[in-house]
Amino acid sequence: MSRRRSCSVSSSTRKKETHTRLRSKSGRFKVGDPAHIRAMLRPLRLLLSGLKTQPSRCCSSFVSRMRYVNRLKEDDEACAAALKDGSIFLFHRLSPLLRRPDARTFSPAAFTCSDVQLVLQRLGSDGSQLKEAVLIGCSEQNQAQFCLDVGELDQAAVEEASQGTFIDLRKAFFLLPAAEAPLVSKGQALLHWHQTSRFCGASGQPTQRNRAGSQRFCSSSSTVYYPKMSAVAVALVSDGSRCLLGRQPSFPRGLYSALAGFCDMGETLEEALCREVAEEVGLEIQSISYSSSQHWPFPHSSFMLGCHALVSPAHTQLSVDNSELEDARWFTMDEITRALQVKAPPRRGDPPIIWLPPKHALANRLIREWVEQQQQSEGGE
Ligand SMILES: NC(=O)C1=CN([C@@H]2O[C@H](COP(=O)(O)OP(=O)(O)OC[C@H]3O[C@@H](n4cnc5c(N)ncnc54)[C@H](OP(=O)(O)O)[C@@H]3O)[C@@H](O)[C@H]2O)C=CC1
Ligand SMILES: [Mg+2]
């Protein structure tokens, strides 16, 4: 964890500094007056606050943003200052506030700190709630990003005051563009973690959060708590020409997905995949290769690790455990290609069709990668 300070000052800080010097030169303050001393110290204070609240520009913008966020996690004062210039995403009982810039697009609504203060004041809140804001990241424009749950306020009143709509994350996640959904799901996951981690598991005493909300601390047992994700292994299993998908009874009608399961304590990713596939469909797998990962907010913060695997040639006979899966079967390239073309889930009364997880889901990526691999190997033959 880096504790380096930034080496840059914002242009607005520089402007304010010049302004202060001019005012002092104009003879408004007498030398030695407390007001004069304050005025003389102001540029230094601004310089120091600039150092604390701006990402450094001495390295690549990605590196400086990452170091900036890390610094805000460690420095409560810097984090409080960053909130004043930052953007805030509002939630109401964990549902994010979305706006519709046009009839087809949804986007998470980002507010300035003063906008949120105005909304809170208009609804009779004193604004101290802002301290509950949790740091979620830093935009490419170097602006710290926070989330805040205003669940104590009347939902309709906040919606009216902020010109947005709070939408349940299960719906909101898929309405948002794939690039914006992760930020909202990270915010929701952090807010949920704070709401359910108020007490220490060792002492039973209340825990206190740092300003960024990146950890909670129990002063009684000296335990530091960090936000948690459960590791989940996902495998797209292939037999060379077909891929294996399954569905749980709780899935919407016709939806099939890659096999997945929570990793047990002490397991490697490969062990978890082999065990889950054996448990759920009675197969053994080999040639496991890692693809990619994602944070999945449903039901509560999983860290999904996606892999491809081949079924062992000696064990290709499916034996589905119906206590875990309603169905699992092999799908041909043609079936998968057709399923990938389904744009929306079937409505009630529509003829039954097979459809696949949306683009936001890692399973969708694994399925598309498998299709590409098949096309490449067909092209190579
Ligand atoms: N993003 C994606 O592309 C995909 C995401 N997923 C997600 O992965 C997750 C896991 O997949 P799933 O097949 O359901 O997992 P499992 O096959 O492991 O079955 C889930 C069951 O495991 C038990 N369980 C064990 N450890 C945990 C834990 N840490 N948290 C919660 N339950 C646990 C629970 O049983 P009990 O209730 O009996 O205690 C739960 O019902 C799901 O949340 C699913 O949404 C799955 C596939 C693709
Ligand atoms: Mg499973």
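Whatever order the structure lists them in is the order used to number ligands and atoms, beginning at 1. This is a predicted model, so every value here is computed, not measured. For this chain, numbers begin at 1 and follow the sequence in order.
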Ligand 1 contact on Ala363 by region, counting heavy-atom pairs under 4.0 Å: both
Lys228 backbone acceptor or donor facing Tyr225 side chain under 3.5 Å: no
Glu160 CD: over 12 foreign heavy atoms closer than 6.0 Å: no
Nearest-neighbour protein heavy atom for atom 1 (N) of ligand 1, which is reported as residue plus atom name and distance: Gln294 OE1, 2.9 Å
Sub-4.0 Å atoms of ligand 1 with respect to non-hydrogen atoms of Leu362: 1 (N), 2 (C), 3 (O)
Within reach of ligand 1, part of Phe298 (heavy-atom separation under 4.0 Å): backbone
Atom 35 (O) of ligand 1 protein-contacted, heavy-atom criterion under 4.0 angstrom: no
Closest protein heavy atom to atom 16 (P) of ligand 1, given as residue, atom name and distance to 0.1 Å: Gly261 CA, 3.6 Å
Nearest-neighbour protein heavy atom for atom 17 (O) of ligand 1, which is reported as residue plus atom name and distance: Glu280 OE2, 2.7 Å
Flag for Trp370-Ser238: side-chain donor and acceptor within less than 3.5 Å: yes
Flag: protein heavy atom within less than 4.0 Å of atom 38 (O) of ligand 1: no
Minimum-distance atom from the Mg ion (ligand 2) among N, O or S atoms of Glu280: OE2
Contacting atoms of ligand 1, where contact means under 4.0 angstrom from a heavy atom of Glu324: 17 (O)
Those residues that, when tested against Asp168, pass side-chain hydrogen bond (donor to acceptor under 3.5 Å, both in side chains) (two or more places apart): none
Ligand 1 contact by Ser302, heavy-atom criterion under 4.0 angstrom: no
Under 4.0 Å to a heavy atom of Val232 - the qualifying atoms of ligand 1, by number: 8 (O), 10 (C)
Nearest-contact summary for atom 4 (C) of ligand 1 - protein heavy atom, Å: Met304 CE, 3.6 Å
Flag: protein heavy atom within less than 4.0 Å of atom 27 (C) of ligand 1: yes
Protein heavy-atom partner closest to atom 12 (P) of ligand 1 - residue, atom, separation in Å: Gln248 NE2, 3.5 Å
Per atom 7 (C) of ligand 1, closest listed option by heavy atom (Phe303, Trp296, Phe262): Trp296
Proximity of His300 to ligand 1 by residue part, where a heavy atom lies under 4.0 Å: neither
Heavy-atom nearest neighbour in the protein, as seen from atom 46 (C) of ligand 1, with distance rounded to 0.1 Å: Ala260 CB, 3.5 Å
Arg170 charged N/C atom sitting above Phe173 aromatic ring, 6.0 Å / 45°: no
